[in-house]
Amino acid sequence: MGAGAFPPEQRGRWPRRGYKCPGLTPASPPALPVLRWFLRFLDSLASPMACPLEQALAVMVATFHKYSGKEGDKYKLSKTELKELLTKELPSFSGQTSEASLQQLMSHLDCNSDSEVDFQEYVTFLACMAMICNDFFQDYPDKMPRRK
C-alpha cells in the first residue's frame, strides 16, 4: 500500500483496539470490499494531495494519538492529557477553562466512567464543537472564516 497514515505493521489489522463498527468484520463477506476501501482511504489521508476534509480527518486522528498514552492506556486520554490537548490545540476554548470546568467536561465525555477519554468519546466532543460552531455561523454568517 505504499507510504500512508499507518506504519506497515499496523495496516490491515482489524479491528483496531477500541473501535467498533457494528456488523463490519472481516468475517462478513460484504465487509471485505468496504474494509479494503477504508484502509486505502486511511492511507490516502497522509497524502500531500489529500483534500481539505481528508486532511482535517487525519489531523483529528493524529492529534488524539499525539496526546494519548503519555500516561496509562495509549489509546485513551487521561484528564492531564485531555487538558494538555485542549491547552495546546484549542487555546481559545481552553483559555477560559478552570479545573472545575475541566472536571465537568471530563465527566460528560467519559461515557463509560473509566476516568479516561477514548477515541469515540473524543470524536463525540469534536462533533459537538463542530455543531456549536455551525450554530454560531448560522447566526453570524459574516463571521464565517473564508478561504483566501
Side-chain angles (χ1 to χ4, degrees), residues 1-7 10-11 13-25 30-31 33-148:
M1 268 197 214
F6 298 102
Q10 289 186 349
R11 288 190 203 129
R13 281 195 193 158
W14 187 267
R16 298 218 189 277
R17 181 182 161 149
Y19 304 152
K20 296 176 179 74
C21 293
L24 188 62
T25 67
V34 173
L35 289 174
R36 286 189 195 107
W37 170 86
F38 185 68
L39 291 173
R40 280 194 309 273
F41 168 74
L42 290 176
D43 276 342
S44 75
L45 293 179
S47 165
M49 300 301 290
C51 294
L53 188 55
E54 291 174 327
Q55 291 173 354
L57 289 170
V59 167
M60 289 189 307
V61 173
T63 300
F64 176 83
H65 291 290
K66 177 179 175 181
Y67 294 95
S68 69
K70 291 182 178 182
E71 47 184 63
D73 190 328
K74 69 178 183 176
Y75 297 105
K76 296 182 180 184
L77 294 167
S78 67
K79 182 179 168 187
T80 304
E81 292 164 340
L82 177 64
K83 181 178 182 177
E84 183 182 7
L85 183 152
L86 293 173
T87 303
K88 292 183 178 174
E89 305 295 337
L90 291 171
S92 43
F93 171 79
S94 62
Q96 308 149 19
T97 306
S98 67
E99 195 62 33
S101 59
L102 178 65
Q103 183 58 46
Q104 186 178 21
L105 175 62
M106 185 78 178
S107 66
H108 286 300
L109 294 178
D110 185 18
C111 295
N112 61 1
S113 301
D114 65 351
S115 299
E116 295 181 301
V117 175
D118 63 28
F119 188 78
Q120 188 170 357
E121 293 162 341
Y122 162 78
V123 170
T124 301
F125 168 68
L126 293 181
C128 290
M129 292 294 291
M131 290 187 302
I132 290 168
C133 289
N134 181 60
D135 290 347
F136 173 81
F137 291 126
Q138 284 180 343
D139 292 339
Y140 301 98
D142 56 314
K143 303 270 187 193
M144 175 78 85
R146 301 281 181 220
R147 284 185 141 178
K148 297 182 183 195

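We count residues from 1, following the sequence as given.
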Contacts of type side-chain contact (heavy atoms from CB on, under 4.5 Å), residue [X], not counting sequence neighbours:
X    : answer
F137 : C133, K143, M144, P145
Q103 : K79
T63  : V59, Y67, L85, E89, Y122
E81  : K70, E71, L77, S78

Kindly state each residue pair satisfying salt bridge (Lys or Arg N to Asp or Glu O under 4.0 Å) with at least one member in residues 105-114, sequence neighbours excluded.
->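 Passing the test, one end in residues 105-114: K76-D114.
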Would you call F125 and L90 a side-chain contact if the rule is heavy atoms closer than 4.5 Å?
->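 Yes, their side chains come closer than 4.5 Å.
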Please assess M106 against L102 for the test side chain to side chain contact (heavy atoms under 4.5 Å, CB included), listing each intermediate value before the final yes or no.
-> CA-CA 6 Å; M106 185 78 178; L102 178 65; 5.5 Å; no
Give the minimum heavy-atom separation between [X] and [Y], together with the two atoms involved.
X    : Y    : value
V117 : E121 : CA-OE1, 3.2 Å
K88  : P91  : O-CD, 4.0 Å
L126 : M60  : CD1-SD, 3.6 Å

Point-to-point distance, once rounded to the nearest 0.5 Å, from CD of E116 to OG1 of T80 =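 Spacing of CD (E116) from OG1 (T80) equals 10.5 Å.
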